[in-house]
> 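Below is one structure. I have some questions about it.
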Protein chains: 2
Amino acid sequence: MFNPQWLRSFVVLAEELSFTRAAERLDLTQAAVSQHMRQLEEQLGQLVVRRPRQLELTPTGLAFLDYCKEVECADKRLQQRLNTNCEDCGEISLITPGSIGLVLYPLLLTLQSSNRGLIMRHRFAPDVEVLEAILQNRFELGVLTYRPDDSRIDASLFTEEPLELIVPAGETINGWDDLVRIGFIDHPDGHAMAGRLLSRLFPGNPGIRTVPHSGFSNQVGLQLEPVAMGLGFTILPRYARQAFKRQEAIRAVCCETPVIDKLWFVHRSEWALPSRVVSVMTYLREKIAGMEGGNTGIDAHPIREVT
Amino acid sequence: MFNPQWLRSFVVLAEELSFTRAAERLDLTQAAVSQHMRQLEEQLGQLVVRRPRQLELTPTGLAFLDYCKEVECADKRLQQRLNTNCEDCGEISLITPGSIGLVLYPLLLTLQSSNRGLIMRHRFAPDVEVLEAILQNRFELGVLTYRPDDSRIDASLFTEEPLELIVPAGETINGWDDLVRIGFIDHPDGHAMAGRLLSRLFPGNPGIRTVPHSGFSNQVGLQLEPVAMGLGFTILPRYARQAFKRQEAIRAVCCETPVIDKLWFVHRSEWALPSRVVSVMTYLREKIAGMEGGNTGIDAHPIREVT
DNA sequence: TGATCTCCATAAAACTTCATTATGTTTAAT
DNA sequence: ATTAAACATAATGAAGTTTTATGGAGATCA
């Protein structure tokens with residue numbers, strides 16, 4: 001590696017092809033430039049052929065000039081990457097659970113398409129993996145379904161997502177028996193979510209295990225397909241339902257006192273978030289808040305509780 | 001840009017995650033490493049979170065580490081490129097006229113395939129362009145059909161290539177009239193070559209302009225196609241003929257005192273050729289010499305001179 | 001709990017490197 | 001032959017770097 005001042009001098013010298021002019025441009029004396037070249041040439045061999053009034057780069061000089069250009073580029077990239085005050089350029093890395101991710105990812109892409117300096121890196125992952133990725137600095141920002149208890153993590157409330165019982169559009173649910181009749185489409189968090197929501201909807205029910213299973217998918221984008229086809233019901237966070245294309249084929253059933261999960265933005269507490277990330281957080285919060293006010297797709301008439 | 005010693009210290013620190021151990025590995029005192037980090041952090045912001053017995057890189061630190069790796073790579077590439085003593089690695093750039101190029105290019109590819117460290121860059125070009133490319137350092141080595149008179153150029157004899165009158169295999173040439181009968185396939189140097197060779201073969205002939213033209217191509221690899229198809233004769237250097245695939249379809253006619261062009265290796269005289277280039281020159285000389293001893297494809301019985 | 005140890009930061013001194021001034025050499029131009 | 005232009009080199013003072021010396025904060029262990 002080389003003294004950066006020497007590189008600068010060499011690059012200017014290669015442009016000017018004159019020690020004197022290069023020195024002027026560099027605000028140095030000609031002697032300084034001359035010594036820089038001597039230093040470089042001691043390490044690299046001859047870089048410049050000195051002919052009276054006509055300098056010329058040797059092949060070594062040309063190779064070294066390419067090297068200088070490479071280093072210059074690396075410098076620019078570093079500056080770009082470290083310019084955390086730029087709101088509309090740089091990389092945004094976000095890792096979220098599936099359900100909310102389905103909603104966020106299109107929003108991010110919209111943001112990116114109106115703001116081509118941003119580069120989105122998004123990953124769907126379960127809670128554990130989100131936390132790990134944030135702790136290991138692999139992602140700047142994460143979304144978690146719980147508030148983590150770790151001093152290295154800062155959490156701020158993002159939004160709330162109610163759990164929903166989602167049934168084929170044609171079905172009416174009057175009681176537990178209807179669920180047993182149409183069957184449960186399971187997913188990785190299916191049992192946990194079902195347990196929490198169904199105990200509120202149907203107090204004293206015999207448990208999700210007693211309901212026939214009519215399907216399973218761990219692909220969050222596909223979980224509502226079987227429901228839309230009338231093959232069963234499922235329990236999902238609202239955002240997972242809202243991201244589904246064929247809304248007309250499904251229907252959400254909700255109780256009066258809903259089961260609501262909180263979603264948290266999480267990031268490393270030790271270092272400040274780049275302002276582009278902060279502005280993306282604001283953007284997502286606004287968009288999500290706007291969605292909640294609108295069509296929630298929820299039954300106007302909640303079902304009666306079954307005794 | 002940054003003091004290279006600071007970079008080194010940072011890279012080692014990032015590996016060791018300990019100032020003390022890094023200093024040991026760097027053969028410095030711990031105080032020195034500490035100051036290097038202070039210098040870097042003054043310019044870049046915090047790079048390392050100091051926790052008791054547990055250092056950790058900040059995102060800035062990770063970005064800077066990537067930068068260090070980039071610079072390291074650029075360094076390695078430079079070293080590789082400047083290692084002119086390595087005979088079997090690096091780039092060979094060669095620029096040659098078409099005819100000999102047809103023979104050299106396959107030889108170079110053979111060499112490269114048995115020697116994967118070498119990278120061949122070959123270009124076909126007319127003499128003027130060869131000279132220009134060598135003078136401008138765009139190619140290390142060139143082949144010219146004449147010895148250039150320029151103090152910046154070193155020329156060494158490469159090989160000789162006789163001019164040949166090439167006719168369709170079925171034709172017999174007994175005199176000038178036969179040439180007029182079958183017609184001339186022209187190419188960029190066609191008139192010049194024809195003038196020189198035909199005045200020796202058929203002294204006192206009325207000149208190539210009086211012969212009907214039956215074709216023209218400036219693509220040296222294709223010039224013999226029309227001849228092979230019986231459409232005419234042409235005049236080419238021997239190497240152009242030797243590189244032709246369908247040898248059985250053509251025939252070379254030669255006189256007792258052939259017209260022989262010399263081919264010269266040329267390169268810039270100011271700087272020594274990398275040894276890989278020297279070894280390629282040697283390789284090509286040997287291969288070409290070997291070819292000349294073998295099947296030259298020339299008529300055993302030269303035609304009689306026509307008066 | 002206090003002594004001890006490890007690890008990093010900082011200050012001052014010793015040392016090294018760097019830029020400048022001054023001067024020499026070479027070459028082209030007058 | 002003289003002059004001017006352009007680069008190299010030597011010497012010197014300024015700036016930067018490394019080391020030694022020291023201090024403080026947190027772990028470790030009796």
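To find a chain, count down the sequence lines: A is the first, B the second, and so on, and within it residues start at 1.
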> Rounded to the Å, how far apart are B:Leu28 CG and C:dC15 P?
17 Å
> Please give, in whole Å, the distance from C:dA19 P to A:Arg38 CZ?
12 Å
> Ignoring hydrogens and angles, are the base of D:dT19 and the side chain of B:Gln35 linked by a donor-acceptor pair under 3.5 Å?
yes
> In whole angstrom, give the distance that lies between atom CZ of B:Arg21 and atom P of C:dC8.
8 Å
> Do B:Leu57 and B:Leu47 come within less than 4.5 Å of each other through their side chains, counting heavy atoms only?
no
> Compare the minimum distances between each of C:dC8, D:dT18, C:dA19 and the side chain of A:Gln5, then state the nucleotide with the smallest one.
C:dA19
> Flag the pair A:Phe10 / A:Phe2 as yes when their ring centroid distance falls below 6.0 Å, and as no otherwise.
no
> Look at A:Thr29 and C:dA19 and indicate whether a side-chain polar atom (N or O) is within less than 4.0 Å of OP1 or OP2.
no
> Establish, with yes or no, whether the OP1 or OP2 oxygen of D:dT17 is under 4.0 angstrom from a side-chain nitrogen or oxygen of B:Gln39.
yes
> From C-beta outward on A:Ala32, which listed nucleotide comes closest to its side chain: D:dT17, C:dT20, C:dC18?
C:dT20
> Rounded off to whole Å, could you give me the CZ-to-C1' distance for the B:Arg50 and D:dA27 pair?
19 Å
> Measure the distance from CD on B:Gln30 to P on D:dA21 and round it to the nearest whole Å.
14 Å
> Just the rounded figure in Å: distance from P of D:dT17 to CZ of B:Arg8.
13 Å
> Nearest-Å distance, CD (B:Glu42) to P (D:dG16)?
11 Å
> Out of D:dG26, C:dA9, D:dC7, which nucleotide sits closest to the side chain of B:Pro52?
D:dG26
> Could you tell me whether A:Arg121 sits above the aromatic face of A:Phe139, with NZ or CZ closer than 6.0 angstrom to the six-membered ring centre and within 45 degrees of the axis?
yes
> Does B:Arg51, at its CZ atom, have more than 12 non-hydrogen atoms belonging to other residues, nucleotides or ligands within less than 6.0 Å?
yes
> Rounded to whole Å, please give me the gap between CZ in B:Phe10 and C1' in C:dC8.
17 Å
> Over all heavy atoms of both residues, which pair between A:Leu7 and A:Cys68 is shortest? Give the atoms and the distance, please.
CD2-SG, 3.9 Å
> State which of D:dT18, D:dA6, C:dT20 makes the closest approach to the side chain of A:Thr20.
D:dA6
> Among the candidates D:dC7, C:dT10, C:dT20, find the nucleotide nearest to the side-chain atoms of B:Ser34.
C:dT10
> Indicate whether OP1 or OP2 belonging to C:dC18 is found under 4.0 Å from a side-chain N or O atom of A:Asn3.
yes
> Phosphate oxygens OP1/OP2 of D:dT18: is one of them under 4.0 Å from a side-chain N or O of B:His36?
yes
